[in-house]
There are 2 protein chains.
Amino acid sequence: MVTLAEVAQHAGVSASTVSYVLSGKRSISTTTRQRVEQSIRELGYHPNAGARALASSRSNIIALMIPLRTDIYVPVMMEIAIAVATTARTHGYDVLLLTGEEGPDAVRRVTGSGLADAMILMDVELDDERLPLLRSTDQPSVLIGLPADTAGLTCVDLDFGATGALCVEHLATLGHRDVAVIGEAPAVYERHTGFAERTLDGLRRRAKELGLRLLHRPCEGGYDAMAATLARILDERPGTTGFVVQNESAVEPLLALLRQQGRAVPEDVSVVAICPDQVAVQASVRLTSVAIPAQEMGRHAVERLVAKLEGHGGDEVVLIAPELTVRASTGPAPVAS
Amino acid sequence: MVTLAEVAQHAGVSASTVSYVLSGKRSISTTTRQRVEQSIRELGYHPNAGARALASSRSNIIALMIPLRTDIYVPVMMEIAIAVATTARTHGYDVLLLTGEEGPDAVRRVTGSGLADAMILMDVELDDERLPLLRSTDQPSVLIGLPADTAGLTCVDLDFGATGALCVEHLATLGHRDVAVIGEAPAVYERHTGFAERTLDGLRRRAKELGLRLLHRPCEGGYDAMAATLARILDERPGTTGFVVQNESAVEPLLALLRQQGRAVPEDVSVVAICPDQVAVQASVRLTSVAIPAQEMGRHAVERLVAKLEGHGGDEVVLIAPELTVRASTGPAPVAS
DNA sequence: AGTCGCAGTCGAAGCGCTTCGACAACCTAT
DNA sequence: ATAGGTTGTCGAAGCGCTTCGACTGCGACT
C-alpha cells in the first residue's frame, strides 16, 4: 500500500505538495507537478479513501436509494440506477446502493456516519416517510419522483400530469370518444405513488376538457389479470376505441388479447403506452407512446445534486416535458356504428 | 456531529472503552456498557465511516460491478443487485455500485483506494479482462457467472450446462424429436458470455445423447426479430415441435407468433423457457421453465464473500442445480404425420 | 500469605490524508 | 532601492477512530 508520504519522498517534495498536486487547490510549478505525477505513476499510488474522507469530511459518495419491490417498473429503475452511477462517475463520485428495506433508518445511518455526501431517493410516495428526515438534515438530496409537498426539496421527474394530458389529446385528435386507462397495479395507487396519481389526474382533467369519456382500471401485470380487466372494461363500455396503458407488463397481454378478439390495432382500437421507448419498439405492434426518460432522469438528478454539493443551485423541481412518439398503434377512430 | 470522545466524556469513560463497547472486541462490565449505550442514544451518536475505515483499514463496503448494457436480461440483474444489497446489509456491509463502464480500471481504483473491502462481479465473460487483476490482488472477490478458467476464483452461478440438459430431457421425454433453441442476442455469444455458451453446450450434448435434432438460433428480443428467426427455423426444420427459449424478451413474441400461425401451445408445439419464475407465470401461456434463481445467486455471492472476509472459506465454485417446473406450455409431441 | 491469571479500563500512538499559516524567492511598481 | 504582491513550497496540526500495551483490582490457586 503506497502512501502519500512515500510518493512525496520519492519525488523529493513534501506531503502537502503532493496533496496539492492531486487536488489542484494551490498552484504548483510545472516541473514539480510533473515530477510528482511521475512518482505517482511509478509507484502506482492510489489515495486512501478513508483517510481522505476523514481529513476532508467528504466521501465523494452519493447514496442511491432504490425501491425494494422488484415486481414493478423494473427496467425503468435499472436504467435510472445505471444512469446515476455513470453520471456520478463523470463528476468523481461513486454510488452507494441502498434498498428501501431499511426505510428512514438508512437515511439516518448514511447522513450520521458521513458515509455519503448526498443522496438520491427513488420511488418517492406522495407523503413519503423519509421526507421529514431529509428536510431536517442539511444533507443535500434529490428525489426522483414528486411528493405532495415539495417545499425545501429538489425533485426530478417526468411531468406525468402533462403525460396523461398528452395521451388523451392524441386520442381525441384521432376522433376517439371512449377511452380506457389500464393503470398500474392497485398496490401502486394504494401507497400513493406520485407518478401514477398524477398521470391519472392529467388524463381525467384533459378528458373532461375535451369531453371524452374516461374509464380507469388499475391492473396487475400479466396475461390473466389483463384478460379480466379488459373483459370488465368492454363489458362496461363496449364502445371503447382508445386505450392508454401505464403498466409495461400489461402492454403485450393487451395487444395479444385484442388480436385474439378480432380487434385490429390500430384499425379498430388505438393504444397509447407510457413506457420506455425500448418497450414500445419491441412490442408486437410498434406502439405510439410517451417515453419514460429514465436515463435523463438519472442524469438530471446527479447533476442537480453535484450542483448543490458545489454550493450553487438550490431547491428546485425539474419536470421533464413529455414527448409523444406516434408509431403504429394509433389511428383514426372507426366510424361509429 | 457527535464524536466518540464526546460520548466517552458524557459517559465518564475513556474513548477506547466506548470503542470496545461498540466493537465488542474486549469484555466490558455490564454497568459500563449500559452507561455508554445510554450516552450513545442520548447524544444520537453515529460513528464516522471515514475515521473507522482509516483506523481499521476496513470500509465495510462491498463493491458490486454490474454490466452497463441495459438491454439484456435486466430483471435478472436487478434482482441479483437487490439481493446482494439486502444480504450485505444483514452482514453489516453496504454496497457500492460500479458499472462495467470503467472496466478493469474500476477494479484497480477500488482495490487501490480501500474504498471497498471486497467485490462482486456480474456478467463475467469466459475470458474476462478483469480476471488477471483480480487474481493478482489479494482483494476477496466473488464472480456471479463462470469464466473459462476458475482457478483461484470463487464463482456462483446457475448450472447452465445442466439447465440445457434438463430442457432437452423434458422435451425428449414428451416425445419431441426436433427441437429449436431460441438463444440470446448474437452479441451475447460474440462476447463469449459463459452462461449462454454453457447452456448451449448442455443442450447439444444431451440432445446428441438422446438422439434429438437440435437447431440453435440466436435472437434479438422483440417481435420483429423473433418473427424473422421463427420463419427461418420453420423453413429449415418444418417438423420442429419443441422450443427452448433463453431470451426473456423473445418469449412473448414467440407465443404470439405461434398462435398467429395456428400452432397451439402445448398441443402442437411445446415451449420451455429459461427465465425468472415471474416471467414464466405472467406469460400468455403459463410456461414450463427452468428458473433463474437470481435472489439465491445474489445471496450466495455475498455469503461466500463474507466468509472470505472473515477468514474462513477459500476459493470455490458454487453451481446451483437447475429446477424445471412443468406448467402449461409443454405437452406430448403430436403424432407424426 | 504470596503468586498467578483474568476481567475491565485507560492512555497513547497511529491510520493517511487535507489544509492552514508561514516563509522564501521572485517579480513588479514606485 | 524598497515596499508590496505573487507564486510555490513546507511543516504541523488535526480529522475520529481502532488497537496495543500497560495497569489495577480481584478471586483462585498453591
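Note that these values count all heavy atoms, side chains included, but never hydrogens, waters or copies made by symmetry. Note on naming: letters A, B, ... go to the chains in the order of the sequence lines (proteins, then strands), and numbering restarts at 1 for each one.
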Visitor: Quick check: does any side chain N or O of K308(A) sit under 3.5 Å from a backbone N or O of G314(A), one acting as donor and the other as acceptor?
Guide: no

Visitor: Is D157(B) reaching over with its side chain to a backbone N or O of I144(B), donor-acceptor style, under 3.5 angstrom?
Guide: no

Visitor: If we only count heavy atoms from C-beta on, is the E79(A) to P75(A) side-chain gap below 4.5 Å?
Guide: no

Visitor: Where the side chain of E6(A) meets the backbone of T3(A), is there a donor-acceptor pair that is under 3.5 Å apart?
Guide: yes

Visitor: When all nucleic acid strands are considered with a 4.0 Å heavy-atom cut-off, which category describes T3(B): base, sugar-phosphate, or nothing?
Guide: sugar-phosphate

Visitor: Which nucleotide span of DNA chain C, 5' end to 3' end, has atoms closer than 4.0 Å to non-hydrogen atoms of chain A?
Guide: dG16(C) to dA22(C)

Visitor: Need the bend value for the helix from dA1(C)-dT30(D) to dT30(C)-dA1(D): angle between end axes, 5 pairs each end, nearest 10°.
Guide: 40°

Visitor: Do side-chain atoms of R33(A) reach the backbone of I28(A) as a donor and acceptor pair under 3.5 angstrom?
Guide: yes

Visitor: Looking at R35(A) and A11(A), would you say the former's side chain and the latter's main chain have a donor-acceptor pair under 3.5 Å?
Guide: yes

Visitor: Listed by chain and number, what are the side-chain hydrogen bond (donor to acceptor under 3.5 Å, both in side chains) partners of R109(A), not counting sequence neighbours?
Guide: E102(A), D94(B)

Visitor: Strictly below 4.0 Å, heavy-atom distances to any atom of DNA chain D: list the hits from residues 17-28 of chain B, or just say none.
Guide: S19(B), Y20(B), K25(B), R26(B)

Visitor: So, does T137(B) use its side chain to make a donor-acceptor pair with the main chain of Q139(B) at under 3.5 Å?
Guide: yes

Visitor: Please report the shortest heavy-atom distance between A63(B) and V110(B), naming the atom on each side.
Guide: CB-CG1, 4.2 Å

Visitor: If you look at every strand shown and take non-hydrogen atoms under 4.0 Å, does S56(A) touch a base, only sugar-phosphate, or nothing?
Guide: sugar-phosphate

Visitor: I need the single residue from L96(B), V107(B), I62(B) that forms a side chain to side chain contact (heavy atoms under 4.5 Å, CB included) with M119(B). Which is it?
Guide: V107(B)

Visitor: Which residue, I61(A), L64(A), I120(A), forms the side chain to side chain contact (heavy atoms under 4.5 Å, CB included) with V95(A)?
Guide: L64(A)

Visitor: What parts of residues 32-55 of chain A reach DNA chain D, counting only heavy atoms under 4.0 Å away?
Guide: T32(A), L54(A), A55(A)

Visitor: Under 3.5 Å, side chain of T150(A) to main-chain N/O of L146(A), donor-acceptor pair present?
Guide: no

Visitor: Let me check something: any side-chain donor-acceptor pairs from residues 41-54 of chain B under 3.5 Å, sequence neighbours excluded? List them with distances.
Guide:
| from | atom 1 | to | atom 2 | distance (Å) |
| --- | --- | --- | --- | --- |
| R41(B) | NH1 | Q38(B) | OE1 | 3.1 |
| E42(B) | OE1 | H10(B) | NE2 | 3.4 |
| E42(B) | OE2 | Q38(B) | NE2 | 2.7 |

